[in-house]
Structures are given as structure tokens and as C-alpha cells.
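Encoded as C-alpha cells, the structure appears first; notes follow it.
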Protein chains: 2
Amino acid sequence: MVQYSETRLDASFAALSDATRRGVLEQLGRGDASITQLAGQFRMTLTGMKKHIGLLERAALVTTEKAGRVRTCRLGVRALEEEAAWIGRHRELWNARFDALDKIVEQLKSKEKADARRTKR
Amino acid sequence: MVQYSETRLDASFAALSDATRRGVLEQLGRGDASITQLAGQFRMTLTGMKKHIGLLERAALVTTEKAGRVRTCRLGVRALEEEAAWIGRHRELWNARFDALDKIVEQLKSKEKADARRTKR
DNA sequence: GCTATACTGAACCATTAGGTTCAGTACGTA
DNA sequence: TACGTACTGAACCTAATGGTTCAGTATAGC
């Protein structure tokens with residue numbers, strides 16, 4: 001059975017909970033970028049953007065590399081694998097449960113109709 | 001095109017970023033539960049659990065209903081649909097990008113080999 | 001009606017998030 | 001070597017988290 005690292009999931013879902021950071025991920029999906037570029041694009045100070053990048057990095061959703069003065073940010077290689085897995089696993093379980101509930105509701109409904117017919121007579 | 005509510009995603013990813021709340025969701029997947037039951041199971045005060053439930057409710061991941069003294073919690077009906085959609089959409093985009101990068105790397109590699117052969121002569 | 005149960009709300013505490021400013025440090029280039 | 005660019009780090013601010021305790025309020029059951 002797959003073992004999910006709780007803290008890793010904590011960090012990455014937290015990272016995804018901010019619109020700016022989701023935007024950054026979207027942007028990095030279109031190509032690597034420096035911190036200055038990202039800061040400019042999201043109208044934010046360098047320092048502010050660096051904090052966001054720090055969180056994304058901690059969650060292993062992006063990696064960075066410094067060449068000269070410039071730190072280049074790119075998507076993490078296994079970005080969103082575990083997160084998708086967690087959500088997928090639970091959706092399956094829950095959908096199964098919702099289906100079961102639907103069936104019960106259906107049964108109740110048809111039973112109701114039957115009862116109604118019986119009382120009419 | 002589907003319009004994603006930014007704040008809804010904010011709330012639900014934030015809700016998922018805590019191991020206790022993920023546990024609660026898992027538990028509710030197995031059946032409805034009262035706040036007292038959940039608090040007992042996760043070794044927490046009623047008040048503490050109620051806060052978690054509040055966050056999950058705000059994210060529309062669970063719904064609650066009070067009957068008499070007891071508030072019963074159950075999974076939200078469309079739980080995790082949007083979240084899965086967001087992650088899914090981005091994984092597709094990113095995988096496409098990673099594939100493209102792979103190709104480029106491949107091309108560089110074969111070019112390198114060709115160059116090596118050429119210099120040997 | 002009394003009592004125990006189940007929740008609710010306010011107040012508090014420590015930590016973190018999401019920003020800022022300001023003062024460096026390090027690197028590229030003229 | 002001097003200057004501008006790109007980042008880094010510390011310090012600060014406000015708001016939110018993740019908990020707690022304590023003091024209600026409402027309801028089920030004897």
C-alpha cells in the first residue's frame with residue numbers, strides 16, 4: 001500500500017490554497033521564470049514573491065537554481081502527482097458511497113409509491 | 001469555458017492542508033458523524049473540532065444539519081470535484097510540457113553523439 | 001422540573017501567512 | 001573600478017490557524 005507523507009501533503013495543499021501561487025504554477029507551466037519576472041507579473045515586491053517561491057519549493061512543487069545573479073524557477077518534476085492521487089483515491093471512495101446512497105433513496109421512493117398505491121385501495 | 005471560483009479553491013485547498021481535516025473527510029466517507037464523535041476520535045475538544053468542521057463547511061466539502069442537540073456532519077455532495085478538475089487540468093498541461101522537454105533533451109543527446117562521432121574522425 | 005449531554009460563543013495564546021520596507025551582498029557590464 | 005540589477009535577510013504589521021478554557025444555551029430523558 002502506498003504510504004503518503006502527511007507533511008508533504010500538508011505543505012502542498014497549503015501551497016495550492018493561494019491564488020497567487022496557483023498563478024505562479026500556471027505561469028511556470030508555460031516556461032521557466034526568474035523571481036524578478038514573476039514579481040513583476042504579479043505586482044508584488046521581490047521579497048514577497050520570494051516568500052511564495054519558498055513555500056512552493058518547500059512543497060516540492062517548484063525547484064529553483066541560481067546562475068549568476070538570477071534565480072530561475074521551474075516546475076517540480078513530480079508536481080501534483082501525490083495530490084492528484086490523494087484526491088482521486090477519495091473521490092472514488094466517496095462516489096461509491098454516493099451511489100449507494102442514491103440506491104437507497106431510489107428504494108425508499110419506490111417503496112413510498114407502493115405504499116401510496118396500497119393505501120388508496 | 002469553465003470558470004473556477006478562486007476563493008472557493010482557496011478555501012478548499014486550505015481545508016485539505018491539515019491532516020486532521022483530511023482524516024475527518026476520510027471518516028465521513030465511511031459514514032456520517034456528530035461533532036462529539038469526531039472530537040472523540042481525533043482526541044480534541046468539541047470546540048476545536050467545531051472549528052475544523054466550520055472550515056470544511058466553508059469550503060463546501062462537508063454539510064451539517066442539526067437535529068435536536070446533535071449536529072450531524074456528512075460529506076458535501078460535490079466534494080472534491082473542482083479540486084480534482086484544477087489539478088487534473090494542470091497535470092495535463094505540465095505533463096505535455098515535460099514531454100516536450102524530454103524530446104528536446106533526447107534531441108540534444110543524439111546531436112551530442114553525432115558531434116562526438118564527427119570530431120573523432 | 002432536574003440533570004446530563006451536545007453544542008455554541010467569546011476570549012485567549014502561539015505560530016504562520018502574506019505582505020511591506022530597508023539595508024545589505026553578489027554579480028554583470030561599461 | 002563604478003554602477004545598476006537581482007537577489008537575500010531581518011524586522012515589522014495585520015490577519016488567520018489550531019488549539020485551549022470557561023461560561024452559556026438548548027434539548028433528551030428520568
Side-chain angles (χ1 to χ4, degrees), chain A residues 5-28 31-75 83, chain B residues 5-28 31-75 83:
Chain A
S5 153
E6 290 289 326
T7 52
R8 165 71 208 277
L9 275 181
D10 282 7
S12 51
F13 280 130
L16 290 176
S17 74
D18 180 88
T20 300
R21 283 191 296 265
R22 288 198 302 276
V24 167
L25 288 177
E26 201 142 358
Q27 183 56 39
L28 292 182
D32 301 348
S34 73
I35 296 187
T36 299
Q37 286 170 340
L38 293 170
Q41 199 166 342
F42 291 89
R43 320 251 159 152
M44 190 176 292
T45 58
L46 255 186
T47 314
M49 181 51 71
K50 214 199 147 226
K51 280 196 184 181
H52 283 303
I53 297 297
L55 287 184
L56 287 168
E57 222 176 340
R58 225 179 56 192
L61 290 172
V62 315
T63 60
T64 71
E65 200 175 355
K66 192 158 186 179
R69 291 180 296 187
V70 178
R71 178 173 297 278
T72 301
C73 309
R74 60 169 49 90
L75 285 182
E83 297 71 25
Chain B
S5 153
E6 289 289 326
T7 51
R8 163 72 209 277
L9 276 181
D10 283 7
S12 50
F13 280 130
L16 290 176
S17 74
D18 180 89
T20 299
R21 284 191 296 266
R22 288 198 303 277
V24 168
L25 288 178
E26 202 142 355
Q27 184 57 39
L28 292 181
D32 300 348
S34 72
I35 296 189
T36 299
Q37 286 170 340
L38 292 171
Q41 200 166 342
F42 291 89
R43 319 253 159 151
M44 191 176 293
T45 58
L46 256 186
T47 314
M49 181 51 71
K50 212 197 147 228
K51 281 197 183 180
H52 283 304
I53 296 297
L55 287 184
L56 287 167
E57 220 175 343
R58 226 179 55 193
L61 291 173
V62 316
T63 62
T64 72
E65 202 175 353
K66 191 157 184 176
R69 291 179 296 187
V70 177
R71 179 172 295 279
T72 301
C73 310
R74 58 168 51 90
L75 284 182
E83 298 69 26

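Below, read A as the first sequence line, B as the second, and so on, with proteins coming before strands; counting in each chain starts at 1.
Residues passing the side chain to side chain donor-acceptor pair (under 3.5 Å) test with B/Glu26 are A/His90, sequence neighbours excluded. With sequence neighbours excluded, the residues forming a side-chain contact (heavy atoms from CB on, under 4.5 Å) with B/Thr72 are B/Asp32, B/Val70, listed by chain and number. Take B/Ala33 and apply the side-chain contact (heavy atoms from CB on, under 4.5 Å) test, not counting sequence neighbours, and it matches B/Leu28, B/Gln37, B/Leu38.
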Reading 5' to 3' through nucleotides 18-25 of chain C, protein heavy-atom contacts under 4.0 Å coded B for base, S for sugar-phosphate only, - for none: BBBBB---

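Listed by first and then second residue, the side chain to side chain donor-acceptor pair (under 3.5 Å) pairs involving residues 53-63 of chain A are A/Glu57-A/Thr64 (not counting sequence neighbours). Among residue pairs with one or both ends in residues 41-55 of chain A, none qualify as salt bridge (Lys or Arg N to Asp or Glu O under 4.0 Å); sequence neighbours excluded. Residue pairs meeting the salt bridge (Lys or Arg N to Asp or Glu O under 4.0 Å) criterion with at least one member in residues 61-71 of chain B, sequence neighbours excluded, are B/Glu65-B/Arg74.
Put simply, CG on B/Leu16 is 14 Å from P on D/dT17, counting in whole angstrom units. Per the geometry, CG belonging to B/Leu38 stands 14 Å off P belonging to D/dG19, to the nearest Å. Note: CZ (B/Phe13) to C1' (C/dA17) measures 18 Å, nearest angstrom. In this structure, B/Ile53 atom CD1 and D/dG18 atom C1' are separated by 14 Å, rounded to whole Å. For the pair B/Asp10 CG and D/dA15 P, the computed distance is 18 Å after rounding to whole Å. One interatomic measurement links the two molecules: CG of B/Asp32 to P of C/dA6, which rounds to 17 Å at whole-angstrom precision.
In this structure, B/Val24 and B/Gln41 have side chains that are not in contact, with every pair of non-hydrogen atoms separated by 4.5 Å or more.
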When you compare the protein's N or O atoms with those of nucleotides 26-30 of chain D, which come within less than 3.5 Å of each other, and at what distance?
| residue | atom | partner | partner atom | Å |
| --- | --- | --- | --- | --- |
| D/dA28 | O4' | B/Arg69 | NH2 | 3.4 |

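In this model, the phosphate group of D/dA16 is not approached by any side-chain N or O of B/Arg58 to a distance below 4.0 Å at OP1 or OP2.
Between A/Arg8 and A/Glu83, the closest heavy-atom pair is NH2-OE2, 3.2 Å.
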